[in-house]
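The shown structure was predicted, so the numbers you read here are calculated from the model rather than taken from an experiment. Here is the naming used below: chain letters follow the sequence lines, and residue numbers restart at 1 for every chain.
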Amino acid sequence: MKHRLLTKYIASRMSLFLLAIIFIHTVSVAQNKEITSLNKRKIILRLNFYANLRNERTATIKAIERIKNSKPLAAKGVKLNIYSLHDDTTKLFQQVVTNEKGEATVLLTKKLPVDKEGMLTLFAKIENDPEYAGTEVEGSVKEARIVLSTSESDSTKSVIARLSGIEADGNPTPAEYIDITFYVQRLFGLMPLGEDATVTTDERGIASIIFPKHIKGDKTGNVIIFAKVEDDDTYGTVEAKTEAKFGEPVNPQPDTSSALWTSKAPLWMSLSFYLALSAILTSLSYLFYQLYKIRKESSL
Amino acid sequence: MKYPIIENDHTEKPETVDIETIKEDLLRPIKKIGPAGKIWIASLILICLIGAYAYYLQLKNGLEVTSMRNYASWGIYISSFVYFVAISLVGALISSILKLLNFEWYRPLARIAETIAVANIICAGLIIVVDMGRPDRVFNLFTHGRVQSPILWDVMVVSSYLITSLLFLYFSLLPSLGMLRDQLKNKPRWQMKMYKFLALGWEGNEKQSARLKKSIRFICILIIPLAISIHTVTAWLFATTLRPGWNSTNFGPYFVAGAFLAGTGAVIIGMFVFQKVYHLQKYITDYHFDNMGKLLVFLGLIYAYFNINEYLIPAYSSRSSEALLLNDMFLGTSSHLFWFTQSIGMILPVILLLFRKMRKPLPMTIIAVFIVIGAWLKRYLIVIPVLLHPYLPIQGVPKSWTSYFPSWIEIAIVLAFISASLLFITIFSRLFPIISIADIIEGKEKKL
């Protein structure tokens, strides 16, 4: 009897528990539905830092519009306020609008404040659009430079990249344990220098790679080599390039210059022309001579 | 001696005629010009004078008086140049190729073809000068020509072909000149002096005849490569230019095939006019028209073949620049001219001339008129629409630059050139026999 009562008790509690779970699940689904219907459209911001070959530093904010069950789209025409952050105070730096690719780029000037570790912190915020108000992204970057050099000893050709971070006082210090990838320029883009093209800098900030054999260069063997730090958490993207006669000399195209565009006709053309002209003049002279002879052969 | 007068397919018994009748028939147009002939010559001179005045205005005010602008920088002068060169090729076809292939029926047509050739090649050489903004610099082409320029090649072949065609005409004319000198009476003194001077003391002795025969055979061989060169090089003026519609390896043979067709059309018109006006029915017969009709079908088919190559392949591959041009040709503003030239100027004549009835003088002459009109319009289409479809789209220019229609000055000058070529042929046929008497007699003797 006692056992039956216990079973009944457990069954009733289990039913209540199941009912509770069903209730909670239903409420949760309803709430989730409400949330997704509210957030059917939202904008995601991404912030990247880039230093080009001329050491011009930029920050690019990409706005992506996400609509439920649709592919993400570039958000064009989004107004963004860019702030710099220093000692817990923010200062409006620039106002930008995203282009057709959903991107807006700002040039980072030397005047922007950095913290004691040399880090510059920016955040971009949507403030003028109530639908996306509060959407923001934050990022920090430290200025860096790559000095790229080449060396050749015996038959080994090396490419050496020295990466330095710029401190708050403006002095460079070696940037250690950062991945640098080496590339060589090809006709339609950059090709990594072999399978192990990414090398981590040592404590001196140096990463080097042996230039592979059989890479084609121009007709004098010249190649353009790139070293890149790519989307690093501290330094963003930094790149440098150099030229070296490390490639195999290749004449990429046969000489296709047209004889018509040269200032002087090629020999074969001049010969053909003057031969044809001579043949015509000789033939005509022969015919005029025949006329002369016909006149001479007359008794009139 | 009596000669058969009607060339036929040997199913009919030929009429016969004696040598004196042949001379009388063929010298008749020289002896007297009727009032219709005088009106015709006066009309042509009047058109030439209007053209000369138009050219004076062009010289005075510059090429601005034409409709040629930055894009359509070549207009109907260049179209007409290509047309005149095309017509001139027929001299080589009729007089040389048919002669060397031992066709006998060419004989009464040879001089008509040679005269048309010379008249048109003279016009071709002159109209190029009209297209120049500074005609006073024409001799710079000879003194400062660049060997690698197709323009210099063209100057070389046009002048060579002109001299050779004139010599061809002159050599074959020598026996007639001797006859004119000896037999014509009651003609002005200057005319008789001219015959005497040009006849070079022709007696028709054995040595002279042998030399003449040898020389004519030599010219027959020389003129074929020259004739093909002249129109091939004219085609290269376009084909060596990096433009959609011109930069085609097909252009040389395409031009030559078109030229033979156009020239043959012109000779058929000439045959009809001379047959009717000079009463030469005994010499230019239905048999000649029938043969010329068959030749026209053959040439029309060859030209159609090159047209298919010229338009089908670019239309199939449709590179964007070519596609724009072809779209204009097939469906756009040039389409009415294009389809006229392709259908009325080429395909329909070939179909119609397959029927014997259509190869009779009158229907065939009407067909030939359409072929010749189509030939001129085709040269217009080769030149102008291409210039109005450059690789870089035409933008930010005055509206007048985006299209081309010739000004009255251009039309007057081109009409003057056409009249000048007709005038040359008319005056020539009034001074010299338009059918070579010696050639006809030689042909008859061969038959006998």
> So, using side chain to side chain contact (heavy atoms under 4.5 Å, CB included) as the criterion, who are the partners of A:E239 when residues are at least two apart?
A:Y50, A:L53, A:K228
> Taking side chain as everything from C-beta outward and backbone as N, CA, C, O, which of these in A:L281 sits under 4.5 Å from a heavy atom of chain B? Side chain, backbone, both or neither.
neither
> Just give me the residue among B:V157, B:L152, B:L226, B:L212 that pairs up with chain A most often, heavy atom to heavy atom, under 4.5 Å.
B:L152
> For residues 194-202 of chain B, please give each side-chain donor-acceptor pair under 3.5 Å, one per line with the distance, not counting sequence neighbours.
from   : atom 1 : to     : atom 2 : distance (Å)
B:Y195 : OH     : B:Q191 : NE2    : 2.8
B:Y195 : OH     : B:L431 : O      : 2.5

> Answer whether the closest heavy-atom distance between the side chains of A:F273 and B:M156 falls below 4.5 Å.
yes
> Can you tell me if NZ on A:K296 sees more than 12 non-hydrogen neighbours from other groups inside 6.0 Å?
no
> Can you confirm whether A:K79 is buried at NZ, in the sense that more than 12 heavy atoms of other residues, nucleotides or ligands lie under 6.0 Å from that atom?
no
> Are A:I280 and B:L222 packed together at the side-chain level, in the sense that at least one heavy-atom pair is separated by less than 4.5 angstrom?
no
> Look up atom NZ in A:K293 and atom OG in B:S215, then write down how far apart they are to the nearest 0.5 Å.
12.0 Å
> Identify which part of A:Y286 has an atom lying under 4.5 Å from any heavy atom of chain B, answering side chain, backbone, both or neither.
side chain
> Should we count CD of B:E206 as having more than 12 external heavy atoms under 6.0 Å?
no
> Heavy atom to heavy atom, less than 4.5 Å: which residues from residues 169-180 of chain B reach chain A?
B:Y170, B:F171, B:L174
> Just checking A:I64: does its CD1 atom have more than 12 heavy atoms from other residues, nucleotides or ligands closer to it than 6.0 angstrom?
yes
> Is it true that atom CZ of B:F139 has more than 12 heavy atoms of other residues, nucleotides or ligands lying nearer than 6.0 Å?
no
> Would you say A:R186 has more than 12 foreign heavy atoms packed within less than 6.0 Å of its CZ?
yes
> Do other residues, nucleotides or ligands put more than 12 heavy atoms under 6.0 Å from B:N186 CG?
no
> Under 4.5 Å, heavy atom to heavy atom, which residues of residues 159-167 of chain B contact chain A?
B:S160, B:I163, B:T164, B:L167
> What distance do B:Q208 atom CD and A:S298 atom OG have between them, rounded to the nearest 0.5 Å?
5.5 Å
> B:V147 and A:S270: which non-hydrogen atoms are nearest, and at how many Å?
CG1-CA, 3.8 Å
> Between A:S299, A:A279, A:S272, A:A276, who has the most heavy-atom pairs with chain B when the cutoff is under 4.5 Å?
A:S299
> May I ask you to name which of B:E203, B:R211, B:K214 has the most heavy-atom pairs under 4.5 Å with chain A?
B:R211
